[in-house]
Structures are given as C-alpha cells and as structure tokens.
Engineer: 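Below is a structure I'd like to ask you about.
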Amino acid sequence: MAATSLATGTPGGTATRTTAAGRVRANGPVLHRRLVAVVTAVSCAAHLWLAASGHHGVWLGVLMVALAAVCLPCTEHIWRHGRVGALNQVTAAAVVMAVLHTALLLSAGGAAHAHGSPPPSSAVADSGGTQLLLVIALELATALLAATLVARLRRLSV
C-alpha cells in the first residue's frame with residue numbers, strides 16, 4: 001500500500017496530497033478555481049473585443065485595454081494556484097465594474113426620464129443597453145464565483 005501525506009499551508013492555500021508516484025494532487029476546489037479563471041478571462045476578452053470594436057471613444061478603449069491587462073495576471077494566478085489575493089482583487093474589480101456599468105445604463109435611460117417623457121422602448125437597447133446588461137451579468141457572475149471560492153478556501157484552511 002502506497003503512503004500519502006497531507007500537507008497544508010501551500011502557497012495557494014489549498015491542501016495537497018502526494019501520490020505514490022510522487023505527483024502532487026490538489027484536494028482543494030480545482031473545478032471552481034478553473035471556472036473563476038475562465039470567467040475572468042472571458043470578461044477580459046469581452047473588454048478587449050469592445051475596445052477593438054471602436055464603438056467607444058479612444059480614452060474608453062485605452063481604459064478597457066488597461067483594465068484587461070490588470071486582470072489577466074490574476075487569471076493565471078487563479079488558474080494555477082487559486083490565490084486569495086488574486087481572487088479578492090478580481091472580486092473587487094468585478095463589483096466596481098458592475099456598479100460603473102449600472103451607472104452608465106441608468107444614465108443612458110435616466111436622462112430622458114428626468115425631462116418627464118419616457119424614452120421609446122428601443123432607445124436604451126439602441127444605445128447599447130443590452131450589451132451593458134450582459135456585461136453587468138458577466139461582472140456579477142465573476143464577483144460571485146470569486147467570492148464563493150474565497151469562502152471555500154477559507155473554510156478548507158480552518
């Protein structure tokens with residue numbers, strides 16, 4: 001019978017088990033970690049695609065590229081190690097982006113409401129309201145997945 005050892009306190013905060021062949025196998029939430037990394041990468045790709053599409057001003061395009069560049073290293077850290085610091089950064093960034101996109105959505109539809117006449121039903125959709133709703137949903141999903149992974153990792157380390 002092969003002996004295995006359980007080592008805790010690895011850099012990523014997840015427990016590992018060494019197999020008989022000497023390979024390290026993670027006992028932590030690997031699928032959850034990879035899902036967070038993929039959703040974060042999709043969010044980065046969406047921002048890069050929107051920046052490249054040219055529908056926004058130059059400064060917004062540069063800002064979107066910069067934000068994606070900040071989040072990409074976190075994607076790699078989450079994929080490989082599930083580091084809590086990277087997860088907290090992704091959670092905070094996703095919540096801030098969701099709030100920002102919500103404010104943009106409300107300001108696009110709210111301007112006409114301030115003057116007393118409701119906008120036509122297609123006005124918000126024509127101004128990118130549907131895209132903003134999709135981006136908000138993606139950001140909220142990213143924040144939720146990252147936050148629940150942090151909670152799982154903390155529960156495992158106790």
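Keep in mind the model is a prediction, meaning the values are calculated, not measured. No hydrogens, no waters, no symmetry mates; every other heavy atom, side chains included, goes into these values.
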Engineer: His101: which residues meet the ring-ring contact (aromatic ring centres under 6.0 Å, His included) condition with it, sequence neighbours left out?
Structural biologist: His47
Engineer: Can you give me every donor-acceptor pair (side chain of residues 34-46, partner residue at least two apart or in another chain, under 3.5 Å) with its distance?
Structural biologist:
unit_1, atom_1, unit_2, atom_2, d
Arg34, NE, Trp79, O, 3.2
Thr40, OG1, Val36, O, 2.8
Ser43, OG, Glu139, OE2, 3.0

Engineer: Check for me, please, whether Leu145 and Val84 land in the same ILVMFWY cluster - side-chain distances under 4.5 Å, paths through other members count.
Structural biologist: yes
Engineer: Do Met97 and Leu67 come close enough that some side-chain heavy atom pair is under 4.5 Å?
Structural biologist: yes
Engineer: Can you tell me how far CG of Leu104 sits from CG of Leu60, rounded to the nearest 0.5 angstrom?
Structural biologist: 8.0 Å
Engineer: Should Leu134 and Leu105 be counted in the same cluster of Ile, Leu, Val, Met, Phe, Trp and Tyr side chains packed under 4.5 Å apart?
Structural biologist: no
Engineer: What are the two closest heavy atoms between Leu153 and Gly82, and how far apart are they?
Structural biologist: CD1-O, 3.2 Å
Engineer: Kindly write out the residues that satisfy side chain to side chain contact (heavy atoms under 4.5 Å, CB included) with Leu140, not counting sequence neighbours, or none if the list is empty.
Structural biologist: Ala98, Ile136
Engineer: Under 3.5 Å, side-chain donor or acceptor atoms of residues 70-78 against the rest of the protein: list the pairs with distances, not counting sequence neighbours.
Structural biologist:
unit_1, atom_1, unit_2, atom_2, d
Thr75, OG1, Cys71, O, 3.3
Glu76, OE2, Arg80, NE, 3.1
Glu76, OE2, Arg80, NH1, 3.4
His77, ND1, Arg83, NH1, 3.0

Engineer: If you group Ile, Leu, Val, Met, Phe, Trp and Tyr by side-chain heavy-atom gaps below 4.5 Å, do Leu87 and Leu31 land in one group?
Structural biologist: no
Engineer: CG of Leu144 to OG1 of Thr148: how many Å apart, nearest 0.5 Å?
Structural biologist: 5.5 Å
Engineer: Restricting to side chain to side chain donor-acceptor pair (under 3.5 Å), what partner residues turn up for Arg154, sequence neighbours left out?
Structural biologist: none
Engineer: Looking at CG of Leu138 and CG of Leu133, how far apart are the two atoms once the value is rounded to the nearest 0.5 Å?
Structural biologist: 12.5 Å
Engineer: List, by chain and number, the other hydrophobic cluster members for Val62, where Ile, Leu, Val, Met, Phe, Trp and Tyr join if side-chain heavy atoms come within less than 4.5 Å, directly or indirectly.
Structural biologist: Val58
